[in-house]
Protein chains: 2
Amino acid sequence: MTESLDATDWSILAELQRDGRLPLTELGRRVSLSASAATERVKRLEAAGVITGYRADVDLTKVGFLVLAVVRLKYPGSRHEPLHRLLGERSEILECLRTTGDDCYTLKVAATSMAHLEQLINELAQFGGTTTNLVYSHTLPYRGPQRP
Amino acid sequence: MTESLDATDWSILAELQRDGRLPLTELGRRVSLSASAATERVKRLEAAGVITGYRADVDLTKVGFLVLAVVRLKYPGSRHEPLHRLLGERSEILECLRTTGDDCYTLKVAATSMAHLEQLINELAQFGGTTTNLVYSHTLPYRGPQRP
DNA sequence: CTCTACAGCCGGGAATCTGCCGGTATCTTT
DNA sequence: AAAGATACCGGCAGATTCCCGGCTGTAGAG
């Protein structure tokens with residue numbers, strides 16, 4: 001359980017982060033392992049919680065979310081439940097990081113229009129001061145963590 | 001190609017964002033479609049670029065990246081190529097958003113230790129002023145965009 | 001109104017993949 | 001040296017995916 005990952009495990013993680021639907025036979029081929037050995041390692045990684053799941057990646061602009069923004073929320077209070085409830089209800093809030101510094105939360109928010117974004121910001125502003133920056137572009141194709 | 005998505009498409013996206021490895025037979029069952037019809041829709045979504053890929057989700061702390069930070073980079077220059085090269089080389093930089101406002105870039109950075117983070121910040125600081133906030137926790141299980 | 005074209009869906013069968021089993025080699029422990 | 005543990009391989013049964021032909025409902029042309 002506390003075992004560390006070897007080079008093969010890292011290769012497997014790299015492959016599955018690039019293509020989560022890679023068949024185990026092909027995965028085995030790429031990491032120079034038989035399909036069953038590769039399967040066993042993947043299962044182990046899943047059971048250990050290293051791989052937490054598999055997700056389809058959706059192009060936000062292709063589904064109507066044309067506006068992406070980073071919102072920093074200064075939340076002076078200590079009662080975080082109402083905010084967490086909002087986060088759970090609003091799927092437009094794609095990511096929420098609680099951070100050090102003046103701004104307790106950094107959110108990534110998707111909206112279909114400026115009006116939509118404004119409404120989301122208004123909801124968030126109930127909790128504290130917000131700082132919003134629109135996102136021009138994602139500069140990176142996600143590849144996830146690699147071997148340190 | 002410019003076609004909009006119907007409710008079934010949204011259901012498919014929701015299911016595949018929750019579990020990208022859902023078998024097409026089970027997917028069809030969940031959205032009340034035959035396996036072949038579900039397959040056809042998924043293929044169409046992939047071909048249209050709505051689904052851009054599938055990824056395994058990796059727990060950063062389980063693979064040794066114990067430190068997560070949000071770094072904002074004020075980059076006054078106009079030559080972005082060197083920065084982009086760094087982003088491509090450093091897989092610790094998980095995400096890079098180019099934004100409006102004083103800070104041109106907002107980065108999500110993973111590191112194995114404070115020393116490692118410091119080194120990354122130093123590399124980034126060559127390009128401009130940085131503001132770094134450590135991340136206590138991810139508050140959200142990713143579920144991706146849902147029907148607007 | 002009818003006919004044709006087309007899009008979406010269904011079912012079936014071939015090819016492929018997954019999950020499970022037993023067997024082998026290597027390394028550690030006793 | 002023997003016993004045990006670990007990681008790997010090959011093979012097979014069952015499940016899944018892929019591809020095909022056929023069916024139905026809608027839209028547009030005649």
Side-chain angles (χ1 to χ4, degrees), chain A residues 1-59 61-64 142-148, chain B residues 1-59 61-64 142-148:
Chain A
M1 192 195 189
T2 30
E3 306 197 18
S4 180
L5 306 173
D6 65 13
T8 304
D9 287 321
W10 280 106
S11 299
I12 288 174
L13 290 179
E15 293 292 339
L16 290 181
Q17 283 181 109
R18 183 157 45 215
D19 179 6
R21 284 210 144 175
L22 200 63
L24 294 168
T25 57
E26 175 62 20
L27 175 62
R29 207 167 294 138
R30 297 205 186 167
V31 301
S32 303
L33 232 50
S34 74
S36 52
T39 305
E40 194 179 333
R41 281 186 181 252
V42 172
K43 294 272 179 247
R44 197 179 1 252
L45 291 169
E46 290 170 355
V50 175
I51 296 174
T52 58
Y54 301 88
R55 296 206 319 260
D57 223 349
V58 172
D59 184 329
T61 65
K62 290 276 173 66
V63 295
Y142 186 88
R143 39 184 182 357
Q146 308 290 325
R147 179 156 34 94
Chain B
M1 192 194 190
T2 32
E3 307 197 18
S4 180
L5 306 173
D6 64 14
T8 303
D9 288 319
W10 279 107
S11 300
I12 287 173
L13 291 179
E15 294 292 339
L16 291 181
Q17 283 180 109
R18 183 157 45 213
D19 178 8
R21 283 208 146 175
L22 200 63
L24 294 167
T25 57
E26 176 61 21
L27 176 63
R29 208 166 295 138
R30 297 204 187 168
V31 302
S32 304
L33 230 52
S34 74
S36 52
T39 306
E40 194 179 333
R41 281 187 182 249
V42 171
K43 295 273 178 242
R44 198 183 355 255
L45 290 169
E46 290 170 354
V50 175
I51 295 175
T52 57
Y54 300 87
R55 294 203 323 256
D57 223 350
V58 171
D59 184 330
T61 66
K62 290 275 174 65
V63 295
Y142 186 88
R143 39 186 185 353
Q146 308 290 327
R147 180 157 34 93

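Atoms considered below: every heavy atom in the structure, side chains included; atoms not considered: hydrogens, waters and symmetry mates.
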Residues within residues 16-33 of chain A bordering DNA chain C, heavy-atom distance below 4.0 Å: A:Pro23, A:Leu24, A:Thr25
Chi angles and distances behind the side-chain contact (heavy atoms from CB on, under 4.5 Å) call for B:Arg55, A:Arg55: CA-CA 5 Å; B:Arg55 294 203 323 256; A:Arg55 296 206 319 260; 3.1 Å; yes
Reading 5' to 3' through nucleotides 20-27 of chain C, protein heavy-atom contacts under 4.0 Å coded B for base, S for sugar-phosphate only, - for none: B-------
Candidate list B:Arg29, B:Arg30, B:Arg21, test salt bridge (Lys or Arg N to Asp or Glu O under 4.0 Å), partner B:Glu15, passing option: B:Arg30
Phosphate OP1/OP2 of D:dA7: any A:Arg44 side-chain N/O under 4.0 Å: yes
Steps toward side-chain contact (heavy atoms from CB on, under 4.5 Å) verdict (B:Ile12, B:Thr8): CA-CA 6 Å; B:Ile12 287 173; B:Thr8 303; 4.3 Å; yes
For B:Ala14, side chain to side chain contact (heavy atoms under 4.5 Å, CB included) partners two or more places apart: B:Gln146
Nearest-Å distance for atom pair CD/P, residues A:Glu46 and C:dT18: 12 Å
Interatomic distance, B:Ser36 atom OG to B:Lys43 atom NZ [nearest 0.5 angstrom]: 12.5 Å
From C:dG19, D:dC8, C:dC9, nucleotide with atom closest to B:Ala37 side chain: C:dC9
Nearest-Å distance for atom pair CD/C1', residues B:Glu40 and D:dC18: 12 Å
Qualifying residues under side chain to side chain contact (heavy atoms under 4.5 Å, CB included), relative to A:Asp9, sequence neighbours excluded: A:Leu5, A:Asp6, A:Arg41, A:Leu45
Residues forming a side chain to side chain contact (heavy atoms under 4.5 Å, CB included) with B:Ser11, sequence neighbours excluded: B:Val31
Residues within residues 50-58 of chain A bordering DNA chain C, heavy-atom distance below 4.0 Å: none
A:Thr52 side-chain N/O to B:Asp57 backbone N/O, donor-acceptor pair under 3.5 Å: yes
Shortest non-hydrogen contact from A:Tyr54 toward A:Gly20: CD2-O, 3.7 Å
Spacing of CG belonging to B:Leu27 relative to OG1 belonging to B:Thr39, to within rounding of 0.5 Å: 8.0 Å
